[in-house]
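Note on naming: letters A, B, ... go to the chains in the order of the sequence lines (proteins, then strands), and numbering restarts at 1 for each one. Computed over heavy atoms, backbone and side chain alike; hydrogens, waters and symmetry mates excluded.
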Amino acid sequence: DAEITQSPRHKITETGRQVTLACHQTWNHNNMFWYRQDLGHGLRLIHYSYGVQDTNKGEVSDGYSVSRSNTEDLPLTLESAASSQTSVYFCASRVSRNTEAFFGQGTRLTVV
Amino acid sequence: GIQVEQSPPDLILQEGANSTLRCNFSDSVNNLQWFHQNPWGQLINLFYIPSGTKQNGRLSATTVATERYSLLYISSSQTTDSGVYFCAVEPNYGGATNKLIFGTGTLLAVQP
């Protein structure tokens with residue numbers, strides 16, 4: 001079955017390290033998104049992509065970057081992890097605008 | 001930017017009771033989805049409902065886009081309905097299109 005998967009599911013890293021969270025979808029969806037979820041803030045958009053080689057900043061993009069070299073993957077990189085980036089991260093994808101979005105299982109990241 | 005507010009913020013029900021959750025949005029939208037985040041953190045798609053009414057078992061949803069609100073009805077609630085319910089909208093203007101903005105969520109606890 002087609003799906004969207006995130007890895008790892010849990011990660012602990014140290015302040016200042018570079019961390020990459022993976023997101024892979026097999027639906028051939030054009031649009032992909034990264035959100036973070038924190039208590040009291042709900043889900044907030046970090047970065048998104050409309051297609052290969054396209055990336056855009058969301059509302060909380062500082063300290064994060066993404067790249068889209070193929071349709072299936074949108075890895076999220078924390079350039080220098082900070083304690084404020086401890087959160088649960090969700091990846092999502094959909095065919096295009098005005099279509100249903102589907103979410104991965106989430107990655108719980110702890111920065112110590 | 002668009003504001004998405006959900007009410008009530010918290011709700012406690014006895015098993016078997018019915019409930020209505022509301023999502024208000026401050027501007028016109030192309031797209032609206034309802035999600036259930038279960039106690040394990042997984043985001044489950046409930047409805048893709050830009051307008052009109054849909055039903056799926058004990059759950060139904062209605063979106064009145066012209067009046068900028070959507071309602072999620074849960075009938076004969078079960079303990080497995082517990083979790084957080086989110087609505088997410090895709091604004092219909094300028095640079096805000098092609099991304100989902102999440103509401104504040106309703107935390108539902110169904111007691112046996």
Check: A:Tyr35 ring centre within less than 6.0 Å of B:Phe35 ring centre:
no
Taking the basic N atoms (NZ, or NE/NH1/NH2) and the acidic carboxylate oxygens, is any pair closer than 4.0 Å for A:Arg94 and B:Glu90?
yes
Walk me through it: do B:Asn30 and A:Arg97 pass the test side chain to side chain contact (heavy atoms under 4.5 Å, CB included)?
CA-CA 9 Å; B:Asn30 289 326; A:Arg97 60 182 294 182; 3.2 Å; yes
Look only at the side chain of B:Gln33 and the backbone of A:Glu100, and say whether a donor-acceptor pair between them is shorter than 3.5 Å.
no
To the nearest 0.5 angstrom, please state how far the [atom1] atom of [X] sits from the [atom2] atom of [Y].
X: B:Leu100; Y: A:Phe103; atom1: CG; atom2: CZ; result: 6.0 Å
X: B:Asn31; Y: A:Thr99; atom1: CG; atom2: OG1; result: 7.0 Å
X: A:Asn56; Y: B:Lys99; atom1: CG; atom2: NZ; result: 7.5 Å

Can you tell me which residue pairs pass the side chain to side chain donor-acceptor pair (under 3.5 Å) test with a partner in residues 2-16 of chain B, sequence neighbours excluded?
none
Contact part of [X] toward chain B, heavy-atom cut-off under 4.5 Å: side chain, backbone, both or neither?
X: A:Asn98; value: both
X: A:Gln37; value: side chain
X: A:Leu45; value: side chain

If you count the non-hydrogen atoms of other residues, nucleotides and ligands that lie under 6.0 Å from CZ in B:Arg22, is the total more than 12?
yes
Are [Y] and [X] connected into the same hydrophobic cluster when the rule is that any two of I, L, V, M, F, W, Y join if their side-chain heavy atoms are below 4.5 Å apart?
X: B:Val4; Y: B:Leu108; result: yes
X: A:Phe33; Y: A:Tyr64; result: no
X: A:Phe102; Y: A:Leu74; result: no
X: B:Ile2; Y: A:Ile46; result: no
X: B:Val29; Y: B:Ile101; result: yes

For chain A, which residues of residues 39-58 of chain B have heavy atoms nearer than 4.5 angstrom:
B:Gly41, B:Leu43, B:Asn45, B:Tyr48
How about residues 60-83 of chain B versus chain A: which residues have heavy atoms under 4.5 Å apart?
none
At under 4.5 Å between heavy atoms, what parts of residues 77-90 of chain A are in contact with chain B? List them by residue number.
A:Phe90
